[in-house]
Every structure is written in structure tokens, then in C-alpha cells.
Amino acid sequence: MHIVLDRRPDGGVTATVLDAAAEPVETAELGASDLIEFVRAREGEHPRWVWSSTSRWYPALLAAGVRVQRCVDLALAHRILRASLLTADSDLAREPAGVWDDIARLVAAPAMESGAPALFDVDEPAPSVPLDPVREFEAQQAAVKGASRPGALRLLVAAESAGALVAEEIRFAGMPWRAEVHDRVLTEALGPRAPDGRHPARLEALAAQIREMLNAPGLNPDSQQELLAALRRAGLDVSSTRKWELRDVEHPVIAPLLEYKNLYRLFTANGWAWLETWVHDGRFRPDYVVGGVVTGRWATSGGGALQLPKNIRRAVVADPGWKLVVADAAQLEPRVLTGLAGDQAMADAGRGRDLYDSVVAAGVVASRHEAKVAMLGAMYGATTGDSARLKPRLGRAFPKAIALVDAAAQQGERSDQVMSRLGRTSPRPGGSWREVQERASQPGASAADERRARSQARDWGRFTRNFVVQASAAEWALCWMAELRLRLAELGDGSLENGPHLVFFLHDEIMVHTPEHLAPQVERLVREAAAQAGRLLFGTFPVDFPLQVATVDTYADAK
DNA sequence: AAGGGTCGCGCG
DNA sequence: AAAGCGCGCGACCCTT
């Protein structure tokens, strides 16, 4: 059963109940204040709630203590189905751009500064263009039904929508964050906080030391230009101020300079200003953008939740009587590639052990490190260095897997689109890309034109090579979270306040905040959900997705 | 002063 | 050792 919710111009809501055949069987006209109770009452039947955008509808329900099991996020689904090669012949894909494309773009855009209500106004319908979510839902259903692999798209839409529920629940619950621990980390590293956002003592002392050693009294070490000039004036042969270039230079200024850069980064990116902006009432609330990356990975908008540096993870501490269960999927992308390619040899290598270790044990390369760089290089399209040199050995050991990514690269170079496991489709290259290719194919093209076109084609090939793996891995992670979310709700009383719930997600890693006594069961559910995600994507093909799972008090202890 | 481009670095 | 994929973000710096 589906229930489609539509906001009326008067602020009320029209709820349309669809039966299993997607025929409308009931309509309820709700006043603005009736929605919460309606959803609460009907959720017991576990319908799939169909709404324009989860970020538009769900926060108010969560605030009122109402969770839902399932939804269809029409905006997210619209974007997937409009772009997928699997639905390219559908009416949905062929219709001109409309209001649903606007909404899809808005929910993917960075959130406005606090207070700007853009996201929450998106489906206040302009009088001339009503949203008509029932019609949109029917168009989406028809597109999926007419596709060559409807099951894959159905799963993708369900997983993406479940992800949207998770993102809102994480924002609502927040990641437990102890401001005083964070402050202690900062003070230990930087010295006490200085007034007015000025640099703290430790940074100032290092800056003074750098100026003296470079004999550059007025130097601002935060300015790359000034710093590079000062380094060169002091006789250092460097072409940039990057730390990996500086690291190999012999000079007494290098050590204090690298420490300065490290502390400066901590101060500017995750210092006291960040703490005051993003942590309130003991919670950090990440601003996730579901499907914000072309590959379907999540992005963030503000707060930098996907870049939390290791050195401040000590501040993430479970509440008293609670624990954090932190899990990450080991070598997720190569294992997803294994499933995509149906590469039996690679599946065998990864079964029950570290994939890279068994590549070494099989005599393919000499060390775990080599196995890892070779694998990453194969998936990223390395052209130089150890990674490119070792790739042929991987190709002999795992021919099907390597052939799959090589084929994806060739398709991209031809400007063909590629697809994830479930049908998410890579974008077409932009207009300037095609112009460059066009110019190079003209009779009068110069050698430079041809070189540029070839190089650009290879760039796009590396993108599509990686797309098939990264996008499919993102789908695995969505399925993992979707399965886990439902299991966790059953374990507790269903509420976010009292029961185990997700508080963080990072591509191949999740964190659950749970009452301590439930932690062992949470660990078990995390593993079950991972196994189920593998089955959803790859059926009976025997590829393992082992996890590293840890029950800890602080995130810093998870690895 | 505001906006955009570039650099550098954090994460997977 | 530091390039080969995907990002966000803050600072500097230049243009308007």
C-alpha cells in the first residue's frame, strides 16, 4: 500500500491511498494540524509514504515523535529515473524539464545559510504549476515497470528513499559530541583559546620560529604565495607548499612548518569556531545531502561531517549508559567490483580474510601495500608509478574484474554512459568536452588539438571507470543502512530517544548509538544487514562483505 | 565588500 | 612515494 501526501495551497494535506495495483481507493483531506495524527495512525499498516521530498516532510514528523518505516522520495527518484539508461524510453524521461526537476535540483543543492527557508518552500506550489505527486508517482511507476530491469530500479528507489529517512533521523538524533572534550583536545594542541578568533599561543610561537629560521620577519605563513617565496629565498628547492613535497626537504624549518600547517588546519577547520557553530546540546548534527555526489554517494553541506579528522574523534562519546557501535566494510570497493564482474577467483581470494593479504598469499604481488595500491590504481585508472606497473599482474589474477573496469573506461572515452549495479547512470560529458573532441576530429586539427582531445577522453574514462564501482558501492551502503535501520527499530521500542539508532554514515562506515545492554545485538544486526545488502545486489553470487565492528565509548577507539 | 578562482588538506 | 577516483571547506587573492 502507498499513501501519497500532497500539500494544498491552504496549508492542508491531501492524502491519497493507493492499493496494491496503485489504484486510488481512498482520499483524506487533512487540516494543517491533522497530518501528524494521520501518519501516526496509518503507520501501523506500514504503508510506503509517497512525498515530494523527505527533507521537506519528515522533520516535522520526527519532531512530533513519529517515525515511518518506508517512503518514496519522489524528488530523489525523479532524478534517478530521468537519468537512467534503463528508463531512457519512458514518458518520464522524455517529458520536458518541469517542476520536479526543479525540486530535485533544490534538494541536491547546498543548504542556504541558517534561516533561509528555500528547501522548505520548494513545494509550496505556484498556482499555475501544481506538483501533483499522484501523477508523478504514477509516471515513475510506469517508467520502472517498462524498464528492462524493473527490480533493480525498484530496489534503487527504495534504497535511496530509505537513505533519505536515515539522513533526517541522523540529523534529528545527532551524533553525541562532548564540547568539553573537544575543547581539551584543542587546548592541548594549540594552547588556550585566544580572544576574537585570534591565533592561539602555540600557533603564534611556531609562526615566530618559522619567520626567524627563514629570515623573513613579516612573513604570514598562511599565505601560500608569501611562504613559497620565503622558502625559495632561503634556498629550498620547492615548487609548492604542499606538505608531501616539503616532507622530503632537508632544512631545519621543515619540522616546525609542518607542525604549523597541521595545527593551523585543526584551528581553522575544526577549532572553537566550528564547535560553536555545529555542536549544540551535546550533539553534532550533520547536514547530509542524500545522493549529492554524481555516483550516488552522500555529500554534506556545512559542518564537514564527511571530513571529521581523526584527531578530534575523541570528542565523540556515547551518553552515560550507552555505547557506540562503529562498523566499516573492509575493502568495500574491490569486493563490489568482484560482485559486479562475477569474478570467482576474486571472490575466493576475499572469502573469510583480508582481500589484500590473499592477493599477496597467491603470489600476485609482494606486499599488502602493493596489493592495495595496485587495486586502487585499477579502479581509479592509474597511469604512472607502482600502481600502474602492478596492474597487469592483477589483470592476470582477476581477469574478469579488471576487464570490467577497463571496459567502463573505454565506454567513457567514447562518451558512452555507464551504469551502476542498480541502474544509476553516469552523466554525459559537458558541451565543452564534446567541442574539444569535435575539433580534434576535423581535417584541419592540429597535433595539440588531438593531444588535448585524447587526454580529455582519458580523463573522462577514468571517471566512468571509477563510476561503476563507486556508484555500486554507494548502493551497497544504502542497502546496508536501510536493512539495519529497520532491524534496529525492532530491537528498541521504535523511538529514536530510547532505542539504538544510526548517528553517522561515511561512505563505507556507520555508527550506531545504543543503550549499552543492546550493543551485542546491535553488532549482530549490523553484520546481518551487511550480508543482506550483498544478497540484494549480487543475489547468490558468493562475494563476502566482512566488517570491522567495534563497540566503544568514543569514536577514537574504533580503529 | 562581495564574489569567484585557486590552493591545500581533511575524509572515503 | 604521493597520483589515479569522488567530495567539502577555509584561507588567500584577485577582480569587480
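Every chain is numbered from 1 and lettered A, B, ... according to where its sequence line falls, protein lines coming before strand lines.
In this structure, the CG atom of Leu228(A) is 16 Å from the C1' atom of dA11(C), given to the nearest Å. For the pair Asp287(A) CG and dC11(B) P, the computed distance is 21 Å after rounding to whole Å. Between the OH atom of Tyr288(A) and the C1' atom of dG8(C) there is a distance of 13 Å, given to the nearest Å. Between the CG atom of Asp508(A) and the P atom of dC11(B) there is a distance of 14 Å, given to the nearest Å. Straight-line distance from the NZ atom of Lys372(A) to the P atom of dG4(C): 18 Å, rounded to whole Å. Distance Gln307(A) CD to dA11(C) C1': 15 Å, rounded to the nearest Å. As a whole-Å value, the separation of Arg265(A) CZ from dC7(B) P is 17 Å. Note: CG (Leu263(A)) to P (dG10(C)) measures 19 Å, nearest angstrom.
When heavy atoms are screened at a 4.0 angstrom cut-off, Asp328(A) is found touching no nucleic acid atom at all. Nucleic acid contact class of Ser387(A) (heavy atoms, under 4.0 Å, all strands): base. Among the protein residues, Gly303(A) comes within range of the sugar-phosphate backbone only, with heavy atoms under 4.0 Å from sugar or phosphate atoms but none that close to a base. Across all strands, Gly385(A) comes closer than 4.0 Å to no nucleic acid atom at all (heavy-atom distances). Using a 4.0 Å heavy-atom distance criterion, Leu308(A) is classed as a sugar-phosphate-only contact.
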Distances under 3.5 Å between nitrogen or oxygen atoms of protein and nucleotides 12-16 of chain C:
residue: dC13(C); atom: OP1; partner: Ser223(A); partner atom: OG; Å: 2.2

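In the set dC11(B), dG6(C), dA3(C), the nucleotide with an atom closest to the side chain of Val294(A) is dG6(C). Side-chain atoms of Asp248(A) lie closest to dA2(C) of the nucleotides dC7(C), dA2(C), dA3(C).
A donor-acceptor contact under 3.5 Å links the side chain of Arg297(A) to the base of dG12(B). Between the side chain of Arg242(A) and the base of dA2(C), no donor-acceptor pair under 3.5 Å is found.
Arg211(A) contributes a side-chain N or O that, together with a main-chain N or O of Leu219(A), makes up a donor-acceptor pair within less than 3.5 Å. Although no hydrogens or angles enter the test, the distance criterion places a donor-acceptor pair under 3.5 Å between the side chain of Glu370(A) and the main chain of Ala366(A). A donor-acceptor contact shorter than 3.5 Å is absent between the side chain of Ser420(A) and the backbone of Ser472(A). Judged by distance alone, with hydrogens and angles left aside, the side-chain atoms of Ser387(A) form a donor-acceptor pair with the main-chain N or O of Val373(A) at under 3.5 Å. A distance-only check finds no donor-acceptor pair linking the side chain of Arg202(A) to the backbone of Ala189(A) [under 3.5 Å]. Looking only at distances, a side-chain donor or acceptor of Ser84(A) sits under 3.5 Å from a matching main-chain atom of Gly423(A).
Here Arg198(A) does not pair with Glu204(A) in a salt bridge; the nearest charged N to carboxylate O distance is not below 4.0 Å. Classification of Asp354(A) and Arg368(A) as a salt-bridged pair holds, one side-chain N sitting under 4.0 Å from a carboxylate O.
When Trp272(A), Phe284(A), Trp274(A) are each tested for a ring-ring contact (aromatic ring centres under 6.0 Å, His included) with His182(A), only one passes: Trp274(A). The side chain to side chain contact (heavy atoms under 4.5 Å, CB included) test with Val503(A) singles out one residue from His513(A), Arg171(A), Arg283(A), Arg285(A), and that residue is His513(A).
Mapping Gly381(A) and Val373(A) onto DNA chain C by nearest heavy atom places Val373(A) closer to the 5' end of the strand. A residue-by-residue look at His369(A) and Thr268(A) shows that His369(A) has its nearest nucleotide of DNA chain C further toward the 5' end.
A heavy-atom distance below 4.0 Å to DNA chain C is reached by these residues of residues 456-481 of chain A, ordered by number: Arg462(A), Phe463(A), Asn466(A), Gln470(A).
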Quiz item: Going through the distances and angles, do Glu413(A) and Arg454(A) end up as a salt bridge (Lys or Arg N to Asp or Glu O under 4.0 Å)?
Solution: CA-CA 8 Å; Glu413(A) 290 181 19; Arg454(A) 233 184 357 259; over 6 Å; no

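The side chain of Thr241(A) places an N or O atom within less than 4.0 Å of a non-bridging phosphate oxygen (OP1 or OP2) of dG8(B). Phosphate contact (OP1/OP2 of dC9(B), side-chain N/O of Lys261(A), threshold under 4.0 Å): present. A sub-4.0 Å separation between OP1 or OP2 of dG4(C) and a side-chain N or O of Lys391(A) is absent.
Rounded to the nearest 0.5 Å, atoms OG1 (Thr464(A)) and CD (Gln410(A)) are 9.5 Å apart.
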Self-check item: Dot-bracket line, read 5' to 3' along DNA chain C, where crossing pairs take [ ] and | marks a partner on another strand, Watson-Crick or G-U under 3.5 Å
Solution: ....||||||||||||

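Between the side chains of Ser55(A) and Glu168(A), no donor-acceptor pair of N or O atoms lies under 3.5 Å.
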